[in-house]
Amino acid sequence: GWVDPVAARCSDAMYNGDTALVAMQYSYLPSWISFLADQQKSLDAGRVMIDAIDQRWLQWPPDRRPVLALYGESLGSMDFAVLCFFPVAI
């Protein structure tokens, strides 16, 4: 996978540079091969990353928490959909 530079610039522009991006590599394989051969690794990595972000985000008082936006593309979007809308599935 990769981080789409256009999406990164857009989020940066929307919040006047007051942003932080988090990304991780879940496999050495191209995403289409990961999708066919090892979807679970991507889901597991996504769960670990989202849980870590959530734990950090929850440390702020509710009225001072920054805006949290999740974005995924290609296999990453499938991971976010499964993790956010079907959290019991994994």
Side-chain angles (χ1 to χ4, degrees):
W2 66 299
V3 175
D4 180 355
V6 174
R9 283 193 303 271
C10 287
S11 65
D12 206 38
M14 286 172 48
Y15 296 101
N16 199 28
D18 189 15
T19 60
L21 297 176
V22 177
M24 69 182 294
Q25 180 176 343
Y26 54 82
S27 176
Y28 64 92
L29 299 170
S31 62
W32 70 271
I33 295 175
S34 292
F35 179 78
L36 295 174
D38 197 6
Q39 291 180 22
Q40 192 61 47
K41 183 179 282 185
S42 171
L43 292 171
D44 292 344
R47 168 58 70 199
V48 168
M49 184 174 69
I50 289 174
D51 284 349
I53 292 167
D54 186 50
Q55 288 301 311
R56 177 67 178 105
W57 187 75
L58 289 172
Q59 291 177 6
W60 278 290
D63 61 330
R64 305 234 11 220
R65 288 182 186 147
V67 173
L68 178 60
L70 300 177
Y71 172 82
E73 188 171 310
S74 185
L75 188 54
S77 64
M78 183 189 79
D79 293 346
F80 284 132
V82 170
L83 294 169
C84 293
F85 299 108
F86 307 103
V88 180
I90 42 177

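Just so it is clear, the structure is predicted and the values come from calculations on it, not from any experiment.
Hydrophobic cluster membership is shared by L68 and W60, with clusters built from Ile, Leu, Val, Met, Phe, Trp and Tyr side chains linked at under 4.5 angstrom. A continuous path of hydrophobic side-chain contacts links W57 to M24 [ILVMFWY only; heavy atoms under 4.5 Å]. In the hydrophobic clustering of ILVMFWY residues, with side-chain heavy atoms under 4.5 Å counting as a link, Y28 and L36 come out together.
Summarising the local packing, CG of D54 is surrounded by more than 12 heavy atoms from other residues, nucleotides or ligands at distances under 6.0 Å.
Of all heavy-atom pairs between Y26 and A45, the closest is CB-CB, 3.5 Å.
Counting only heavy atoms from C-beta outward, the side chains of R9 and V6 approach each other to under 4.5 Å.
Put simply, CG on L21 and OG on S11 are 5.0 Å apart, with the number rounded to the nearest 0.5 Å.
Just one of Q55, R56, M49 meets the side chain to side chain contact (heavy atoms under 4.5 Å, CB included) condition when paired with I53; it is M49.
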